[in-house]
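Convention: sequence-line order gives letters A, B, ...; per-chain numbering from 1.
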There are 2 protein chains.
Amino acid sequence: MTIPKRSRAQLRAIQIDEIKRVAKVQLVTKGVSGVSLREIARDLGLVSSALYRYFSTRDELLTALILDAYNELGEAVEKADASVVCDDTFGRWRAACLAIRQWASAHPHEYTLLYGTPLLDYHAPDQTIAPASRVTLVLGRIVGDAHRRRPPSAIPTGNEDVTSWLNVSNLAQALPGVPTLYYVRALIAWSEIFGFLSFELFGHFKGSIIDYEKAFSHVVEELANFVLY
Amino acid sequence: MTIPKRSRAQLRAIQIDEIKRVAKVQLVTKGVSGVSLREIARDLGLVSSALYRYFSTRDELLTALILDAYNELGEAVEKADASVVCDDTFGRWRAACLAIRQWASAHPHEYTLLYGTPLLDYHAPDQTIAPASRVTLVLGRIVGDAHRRRPPSAIPTGNEDVTSWLNVSNLAQALPGVPTLYYVRALIAWSEIFGFLSFELFGHFKGSIIDYEKAFSHVVEELANFVLY
DNA sequence: ACAGAAAAGAGAGCAGTGCTCTCTCTGTTA
DNA sequence: TAACAGAGAGAGCACTGCTCTCTTTTCTGT
């Protein structure tokens with residue numbers, strides 16, 4: 001019998017996946033504070049110092065979990081957007097927003113890891129930027145498509161200079177075809193989606209909202225009227 | 001010389017204040033994860049087990065800090081509201097919102113303690129409800145006053161039954177005189193204020209916003225148009 | 001006024017954490 | 001085949017929250 005020989009690089013990749021797998025179980029069941037290197041090592045039949053061959057610090061492991069979570073969420077939202085016909089910008093908006101909430105409800109601890117208190121004090125590593133942008137880019141594209149379908153005569157204009165306090169070049173890329181006047185509204189809609197979900201998951205709506213799903217769908221509708229038209 | 005004799009109850013109150021004082025220094029300088037019972041004890045010249053005469057657990061001490069922070073924020077917002085003449089609902093709205101942001105910027109770790117990831121997993125103690133409501137009540141009163149000044153003919157009405165998914169009795173109390181149709185908008189404005197500030201403090205707006213204060217004041221204006229009229 | 005109770009603190013200790021250092025063994029590579 | 005780098009073991013450091021027992025001081029009810 002020939003034992004399938006795996007190269008050291010392959011074994012290393014497998015071990016990294018194993019560590020992340022066990023860490024994710026702890027994250028799901030006990031939250032981010034319950035992710036313990038020593039317990040991961042015990043689960044894998046290793047000694048704790050062995051883990052440092054793969055992640056040089058606990059924060060580095062958590063960063064890997066953050067990356068995976070951003071990509072999971074991003075993929076879910078991209079799929080939801082793609083499942084609606086391109087011209088139906090309102091339908092796409094709603095599908096994308098509902099996908100965000102669905103993912104957050106299904107993965108509250110992962111959501112908390114992404115949008116709760118940041119662990120890496122106030123400077124996320126650069127590698128998280130791209131995965132974190134996936135959701136934002138989908139929402140921005142939908143808003144952009146909605147405004148591009150508007151007749152030129154109906155394009156609202158403002159005369160305020162926004163360049164001193166908004167990063168217009170970045171926003172223009174994320175919101176292609178959206179009039180500058182709407183940049184603030186887009187930022188509001190974006191942060192409100194996550195503000196609402198954070199309030200929901202963190203318990204601030206307790207006593208105000210009974211059916212969160214229904215309330216959220218109304219919020220999504222109000223926001224659509226606010227940014228799309 | 002007569003040493004001013006203090007009763008045991010007085011000494012106890014003083015000691016509790018001392019513990020909280022030192023804990024707050026740690027909170028401000030190192031964040032919530034930097035609040036350590038053993039270090040507090042060392043700072044006070046005590047042994048760590050002595051602290052358990054005053055707070056039976058670390059979470060209990062943190063709850064005390066949460067209470068104080070809610071009351072600080074609530075007082076700041078109440079004062080800001082009171083500093084504007086009652087009829088000027090827009091001015092009051094702006095003053096209250098700016099006071100929230102000012103407090104959050106000046107006390108980022110306290111803000112995080114209140115509106116970041118909850119520590120006490122998903123069930124805040126009842127005693128926090130009242131202090132936490134102070135901000136909400138101010139904002140609700142302003143929105144209420146704005147709508148009460150509207151001529152009855154201009155009151156918008158909707159025909160959707162909202163009682164199945166919103167806690168109408170609670171919201172009616174927090175939003176006196178506000179038409180039911182606006183309850184969702186009020187919830188949006190409320191959660192957007194904190195959603196924006198969380199995004200700002202937690203770094204999600206990096207790359208989009210240059211001058212946060214200016215951006216926030218535009219958000220406040222948009223929200224006012226959204227909830228007050 | 002005095003005895004009993006309660007409060008406050010000291011000190012030792014438990015179980016747990018992240019992380020480091022040294023040592024050994026085992027594949028890989030020149 | 002010899003030198004090297006990767007991987008894991010194991011001991012140990014400094015720290016955490018929390019508990020238990022023991023002593024001293026203060027309050028309180030008869």
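- As a whole-Å value, the separation of A/Leu61 CG from C/dT17 C1' is 15 Å.
- Nearest-nucleotide mapping onto DNA chain D: of A/Ala50 and B/Arg42, the residue sitting toward the 5' end is A/Ala50.
- Side-chain N/O atoms of B/Ser48 include none lying less than 4.0 angstrom from OP1 or OP2 on D/dT16.
- Listed candidates were D/dG17, D/dC20, D/dC27. Nearest to the side chain of B/Arg38 is D/dG17.
- The phosphate of D/dG17 (OP1 or OP2) has a side-chain N or O of B/Arg58 nearer than 4.0 angstrom.
- Salt bridge present: B/Glu200 and B/Arg101 bring a charged side-chain N and a carboxylate O closer than 4.0 Å.
- Within the structure, a side-chain polar atom (N or O) of A/Ser36 is placed less than 4.0 Å from OP1 or OP2 of C/dT17.
- Within a 6.0 Å radius of CD in B/Glu60, more than 12 heavy atoms belonging to other residues, nucleotides or ligands are found.
- Residue B/His204 forms a ring-ring contact (aromatic ring centres under 6.0 Å, His included) with just one option from A/Tyr115, A/Phe194, A/Trp190, and that option is A/Tyr115.
- The side chain of B/Arg12 lies closest to C/dA8, out of C/dA8, D/dT16, C/dA10.
- With 3.5 Å as the limit, one finds no donor-acceptor pair spanning the side chains of B/Gln26 and B/Ser36.
- At C/dG9, one or more side-chain N or O atoms of B/Gln15 fall inside 4.0 Å of OP1 or OP2 (strictly under the cut-off).
- A/Ile19 has its CD1 atom 11 Å from the C1' atom of D/dA7, to the nearest Å.
- A salt bridge links B/Glu39 to B/Lys30: at least one charged side-chain nitrogen sits closer than 4.0 Å to a carboxylate oxygen.
- Residue side chain B/Ser49 does not reach the base of C/dG9 through any donor-acceptor N/O pair under 3.5 Å, judged by distance alone.
- Put simply, CG on A/Leu51 is 17 Å from P on D/dG6, counting in whole angstrom units.
- Per the geometry, CG belonging to A/Leu37 stands 19 Å off P belonging to D/dG10, to the nearest Å.
- Residue contacts for B/Phe55: at a heavy-atom cut-off of 4.0 Å it reaches no nucleic acid atom on any strand shown.
- For B/Val47, whose side chain is taken as the heavy atoms from C-beta onward, the closest listed nucleotide among C/dG11, D/dA9, D/dG17 is C/dG11.
- Of all nucleotides listed (C/dT22, D/dT25, C/dC19), C/dT22 comes nearest to the side chain of A/Arg53.
- If A/Asp59 and B/Leu46 are placed on DNA chain C by their nearest nucleotide, the residue sitting closer to the 5' end is B/Leu46.
- In this structure, CD of A/Glu18 is placed 16 Å from C1' of D/dA7, rounded to the nearest angstrom.
- Between D/dG8 and A/Tyr52, no contact under 4.0 Å exists linking OP1 or OP2 to a side-chain N or O.
- Of the candidate nucleotides D/dT26, D/dT16, C/dC19, D/dT26 has the atom nearest to the side chain of B/Arg8.
- To the nearest 0.5 angstrom, B/Arg92 atom CZ is 4.5 Å from B/Asp145 atom CG.
- Summarising the geometry, the separation between CG on A/Leu11 and P on C/dT26 is reported as 15 Å, rounded to the nearest angstrom.
- Put simply, CG on A/Leu62 is 12 Å from C1' on C/dG18, counting in whole angstrom units.
- Residue-to-nucleotide contacts include no donor-acceptor pair under 3.5 Å from the side chain of A/Thr57 to the base of C/dG18.
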